[in-house]
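Everything on this sheet refers to the single structure shown next.
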Amino acid sequence: MTDAPCRIGAGSGFWGDMIDPAVELANEGRIDYLCFDLLAELTMSILQRRKIRNPGAGYITDLAPMIRQVLPAATRNGVKIITNGGGANPPAGAHAIAEVALELGHPELRIGVIEGDDLTDRIQGIRRDGWRFANLETGEQDIDRIADRVVAAHAYTGSDGIIAALGDAADVVLGGRLADSALYCGPLMHHFGWTFTAHDWERIGAALTIGHVLECAGLCSGGMSSQWRHAKDVWRLGFPLAEVAADGTATIEKVKGSGGLINRWTVKEHLLYEVHDPHSYLLPDAIVDLGGVRVTEVGPDQVRLIGMTGRERPDTLKVQIGYQDGFIAESRALISWPDALEKADWCEELVRRRLEYIGVTPLEQRYDRVGVNALAGSAAPDPGYEPNEVDFRMVVKTRTKAEAEVARRALLLPATAGPVGTAFGAPSPVREVIALWPTLVPRSLIDEAVTVSSARELQHART
Amino acid sequence: MRVHDLSYVRSGDKGDIANVVVLARDADAYSRLAQELLPEAIAAHMGELVQGPITVYPMPNLEAFQIVMYGALGGGATRTLRFDATGKSMCTILSRMPLREGEALQ
């Protein structure tokens, strides 16, 4: 515990993100912690499926290459790594990290593993005890309708496990569905000695706000930005870091000379990104209020954040349940001048009538004229000219895989039975749909287990 | 004039909910947008893209608006049939909304 500022960097914002900016931060960022968010809403279901097929899988496969590249600089500079890349199988992910650590000559690297977020096999039991997992979005009061189609269920967990692992001298902390913001809040709470008490809610709210700004990495340093014209060399985008003071204020910056851009716009864009009620942003560690935050440019690629706050954490944790929800067949055809839009209408009717004729009743179907209305739908104005070509996109959703396979063949017809001059597009393979059921669970039902072992110990445990 | 001329925008998704961040380019733009970015006007502009209610949170501290649109992604990223499953373009679509030019604004 210390009052000295803490420097904390973003290592990744998603599974598949660039790794070199993380290495750059570990080398030159003078950071204490490097945090890797690797999970999106659907990821846990994908990983759970992999784990069912192979008990040694189910973590983010980027973990090993990521650690391989980052670890040399991280160990040299004393940078601790925090990630939710354990996904549906943190112990297996820990073994993958241990193997890399041993290969690189770091047998004493301490790896902390956090478990307890996985509710997949507990849903029925908790349901029987009277908790109904009401859907936060649709308002449906009971999960019964989809209970037999559940693929995965995980609670978004907060900083407790991370604080415990760091307290036990972990160099790498690996969890499952750790909330994105907790990856940052946990280390900051550990560093400053903040606790979940009335004394610290304001500072925890600040830590979460800082975490929220950093958690998508390059998305606050020039990526996905209105400032795209001004962001320099984004092919070597610099990821952001925050220098956080003991009072919870922070400066967002990046390694000098790195690509991208940090200014008040890039920070504000991300400060509000995917937040709903900005005065009541419910996270596992606190309820954040962004109503007093001030964003000020204090130098080139340096933005100061003050005025963050939060209130006591909720008694419930968010749970994301993935469930099987049908299959999708999709294809495209490129329709040429002349009369491309008229031909597209004609092709739409062709496909709709074919599906009807062969007895496929889609749950949903959609036909886009890419280049005209695929994004804006009815909000797109008439193009007002005759296009050279129209990319005709067809998507059909069915209950069963067999129906989707049959529908997929019908999607070839615009080229073979449609107007002359229409270019084939190969239909994509039929894909399974996993829908999400956002819900809550009482915090008291989530019991996290934290174990910290050296890479050598993990290796011995396995053999 | 459109929302685009007065602001920078960004959108994201959670389930079937899209959020659009509108950052006013200056204080005057913020006042003007505060009178224009009303849920009914936004709903009329977005048309069939948004099936549910719309909430607008003005944020004077940031000269920004958080616009939350429910039922806005065709069922949500994992199950929608839309090309833009995660609603990244919802912000630019909104930013094309015309302002009530010529009308007296207070």
Side-chain angles (χ1 to χ4, degrees), chain A residues 40-42 45 135-138 216 219 224-227 264-279 290-295 307 320 322 325-326 328 330 362-368 370 374-381 393-397 433-438, chain B residues 4 7-25 42 44-50 52 55 57-71 74-98:
Chain A
E41 286 193 304
L42 180 62
S45 290
N135 188 313
L136 288 173
E137 259 183 52
T138 64
C216 291
L219 266 59
M224 202 188 280
S225 180
S226 64
Q227 306 297 297
R264 65 189 186 281
W265 305 111
T266 69
V267 170
K268 283 199 222 175
E269 278 165 357
H270 208 76
L271 181 61
L272 294 174
Y273 184 67
E274 293 177 348
V275 171
H276 295 159
D277 181 347
H279 304 290
L290 301 174
V293 180
R294 302 280 167 175
V295 175
Q320 195 61 271
D325 188 39
I328 284 179
E330 176 170 349
L363 296 170
E364 278 181 86
Q365 52 191 319
R366 180 182 172 100
Y367 302 90
D368 288 320
V370 178
L375 293 177
S378 66
R393 175 175 176 266
M394 303 155 268
V395 200
V396 176
K397 183 178 171 189
V433 180
I434 293 173
L436 298 174
W437 182 282
Chain B
H4 169 74
S7 65
Y8 297 118
V9 294
R10 159 82 78 80
S11 47
D13 71 301
K14 261 192 191 134
D16 199 21
I17 304 167
N19 81 293
V20 173
V21 178
V22 176
L23 306 176
R25 296 192 192 202
I42 296 166
H45 174 74
M46 299 302 284
E48 67 191 17
L49 286 174
V50 181
T55 308
Y57 298 95
M59 305 208 64
N61 57 315
L62 301 170
E63 291 180 345
F65 302 85
Q66 179 66 286
I67 301 171
V68 184
M69 306 171 170
Y70 296 85
T78 69
R79 59 194 294 257
T80 185
L81 303 193
R82 291 187 196 171
F83 185 106
D84 186 13
T86 52
K88 298 301 186 212
S89 66
M90 295 295 275
C91 60
T92 50
I93 294 166
L94 174 76
S95 76
R96 207 170 178 179
M97 183 174 129

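Quick caveat: nothing in here was measured; it's all calculated off a predicted structure. Reminder, nothing fancy here: chain letters follow the sequence lines and each chain counts from 1.
Of the residues considered (B:Ser89, B:Cys91, B:Ala77, B:Gly47), B:Ser89 shows the highest number of contacts with chain A, using heavy-atom pairs under 4.5 Å. With chain A as the partner, the residue from B:Leu49, B:Ile17, B:Val9 showing the most heavy-atom pairs under 4.5 Å is B:Ile17. Contact tally against chain B (heavy-atom pairs below 4.5 Å) for A:Arg294, A:Glu41, A:Lys397, A:Arg393: the top residue is A:Arg393. The greatest number of non-hydrogen atom pairs below 4.5 Å with chain B, out of A:Ala40, A:Ser225, A:Ala379, A:Ser378, is found for A:Ser378. Listed options A:Ala374, A:Gly292, A:Gly377, A:Pro438 were ranked by heavy-atom pairs under 4.5 angstrom with chain B; first place goes to A:Gly292. Counting heavy-atom pairs closer than 4.5 Å to chain B, the top-ranked of the candidates A:Thr138, A:Val370, A:Val396, A:Leu290 is A:Leu290.
Only the backbone of B:Met46 comes within contact range of chain A, with at least one heavy atom under 4.5 Å from a heavy atom of that chain. Interface remark: A:Leu136 contributes no atoms to any contact with chain B (heavy atom separation under 4.5 Å). Using a 4.5 Å cut-off between heavy atoms, B:Asn61 touches chain A through backbone and side chain atoms alike. Interface remark: B:Thr55 contributes no atoms to any contact with chain A (heavy atom separation under 4.5 Å). Heavy atoms closer than 4.5 Å to chain A are found nowhere in B:Ser95, neither backbone nor side chain. With a 4.5 Å cut-off on non-hydrogen atoms, A:Leu363 does not touch chain B at all. Within the 4.5 angstrom heavy-atom criterion, atoms from both the backbone and the side chain of A:Arg366 approach chain B. Looking at B:Gln66, only its side chain comes within 4.5 Å of chain A, counting heavy atoms on both sides.
Between B:Leu62 and A:Val293, the shortest heavy-atom distance links the atoms CD2-O, 3.5 Å.
How far CG of A:Leu375 is from CG of B:Asp84: 5.5 Å, rounded to the nearest 0.5 Å. Taken from CD in A:Gln365 to CG in B:Leu81, the straight-line distance is 9.0 Å, to the nearest 0.5 Å. Separation of atoms CG (A:Asp277) and OH (B:Tyr57) is listed at 4.0 Å; rounding is to 0.5 Å. Note: A:Gln227 CD to B:Arg10 CZ = 10.5 Å, rounded to the nearest 0.5 Å.
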Next on the checklist: Let's go through B:Leu23 and A:Glu269 carefully: what are the C-alpha distance in whole Å and the side-chain angles of both, what is the deciding distance for side-chain contact (heavy atoms from CB on, under 4.5 Å) to 0.1 Å, and is it a yes or a no?
Outcome noted: CA-CA 8 Å; B:Leu23 306 176; A:Glu269 278 165 357; 3.8 Å; yes

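At distances below 3.5 Å, not a single donor-acceptor pair connects side-chain atoms of A:Lys268 with backbone N or O atoms of B:Ala64. The backbone N or O of B:Asp16 lies less than 3.5 Å from a partner atom in the side chain of A:Glu137, making a donor-acceptor pair. Counting only distance, with no hydrogens or angles, the side chain of A:Glu274 and the backbone of B:Lys14 share no donor-acceptor pair below 3.5 Å.
Residue A:His276 places its NE2 atom among more than 12 non-hydrogen atoms of other residues, nucleotides or ligands, all under 6.0 Å distant. Residue B:Tyr70 places its OH atom among more than 12 non-hydrogen atoms of other residues, nucleotides or ligands, all under 6.0 Å distant.
For the pair A:Pro381/B:Arg96, a side-chain contact is recorded, criterion being any heavy-atom separation below 4.5 Å from C-beta on.
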